[in-house]
Amino acid sequence: MDNYQIARDRAQEYFLQFDQDRIICRWNLRHNENYLFTEFIGRPYRICRQTGQVDRLIDGKQAGFSEVLSIFDQLCYEGKDRFLTGRYAPVNSLRGRPPAAGVGTDLYTKTADFFGRNEASFCKACIALGGVPVAMGDLGFRLPLFGEMDVILKFYRSDDEFPATVTFLYDENTLSFMRYETVFYVAGFILEAICEMMNSEGGGI
């Protein structure tokens, strides 16, 4: 096992300490004696109530590190003032962001370059994940996150002065629903899922 698998498995064990009935009521989850059912980035998942293992229903595979930590943090985190504003902001401008935290605009440059070389495939993958085109950036998509929450992905093409860039916009109050670190797990998984779909059609980063 690599460190990501170890962290994922520990998170699954930790999930079993939470009150599952409380989680079911808070999120109105479908459930039975053995599983809880939820969705993440437009994909259905099930969580084993005895082991905490998270599986993708779309392909039957066990969920990876970013998926598991994102799903558990969303389901278990009990932040204050849990409401959506309908206003979107980059991660550096979210309410409740740790004062010393912040990221540059070049965080996803390599991935953005891949998207720029395969724009048609990029758009197709975003739509397959439930994305709806929006007039932001050179290409923009509103993607489902959890429940009523969504996220906006903006892509800008490269030019003579600047490389291609990818940025994410979240509801201003996102950090009442998940921890700051989880925002990056979410973004990382979205990009992984898009690249996986694009690579399945041929090409690669």
Do the two ring centres, one from F155 and one from F141, sit under 6.0 Å apart?
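Between F141 and F155, which both carry aromatic rings, the centre distance is not below 6.0 Å.
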Determine whether the aromatic ring centres of residues F189 and F40 are separated by less than 6.0 angstrom.
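So the answer is yes for these two rings.
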Closest heavy-atom pair and its distance - [X], [Y]:
X    : Y    : result
A125 : M197 : O-SD, 3.7 Å
F83  : N173 : O-ND2, 2.7 Å
D159 : E161 : OD1-N, 2.8 Å
D55  : Q62  : OD1-CA, 3.5 Å
E39  : P44  : CG-CA, 4.0 Å
I47  : G52  : CG2-O, 3.9 Å

Pair [X] + [Y], salt bridge at N-O below 4.0 Å:
X    : Y   : result
D171 : R95 : no
R56  : D59 : yes
E78  : R26 : yes

Close side-chain approach of [X] to [Y], heavy-atom, < 4.5 Å:
X    : Y    : answer
D21  : I24  : yes
Y185 : M178 : no
L84  : E148 : yes
T165 : T109 : no
L36  : R49  : yes
I152 : Y170 : no
L139 : Y156 : no
V91  : L169 : no

Whether N118 side chain and F114 backbone form a donor-acceptor pair below 3.5 Å:
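It does hold such a pair.
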D73 (side chain) donor-acceptor with L69 (main chain) under 3.5 angstrom:
no
Cut-off 3.5 Å, side chains only: do Q5 and N3 have a donor facing an acceptor?
no
Under a plain distance cut-off of 3.5 Å, with no hydrogens placed, do E67 and Y45 share a side-chain donor-acceptor pair?
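E67 and Y45 do have a side-chain donor-acceptor pair below 3.5 Å.
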Hey, does the Lys NZ or Arg CZ of R46 hover above the aromatic six-ring of Y35, less than 6.0 Å from the centre and inside 45° of the axis?
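Ring-cation test returns yes.
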Within 45° of the six-membered ring axis of Y88 and under 6.0 Å from that ring's centre, is NZ or CZ of R142 located there?
yes
Do [X] and [Y] belong together in a cluster built from hydrophobic side chains that touch within less than 4.5 Å?
X    : Y    : answer
V68  : L129 : yes
V132 : I41  : no
L29  : F72  : yes
L16  : Y14  : yes

Start with the C-alpha distance between E119 and R157, add both sets of side-chain angles, then the distance that settles salt bridge (charged side-chain N to carboxylate O under 4.0 Å, His left out), and finish with yes or no.
CA-CA 10 Å; E119 285 191 15; R157 299 182 182 97; 2.7 Å; yes
Sorted by chain and number, sequence neighbours left out, side-chain contact (heavy atoms from CB on, under 4.5 Å) with R30 holds for F37
Roughly how far, to the nearest 0.5 Å, is the CD atom of Q74 from the CZ atom of R179?
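Rounded to the nearest 0.5 Å, the CZ-CD separation comes to 11.5 Å.
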I194/F115 under side-chain contact (heavy atoms from CB on, under 4.5 Å): CA gap, chis, key distance, verdict
CA-CA 9 Å; I194 292 172; F115 293 166; 3.6 Å; yes
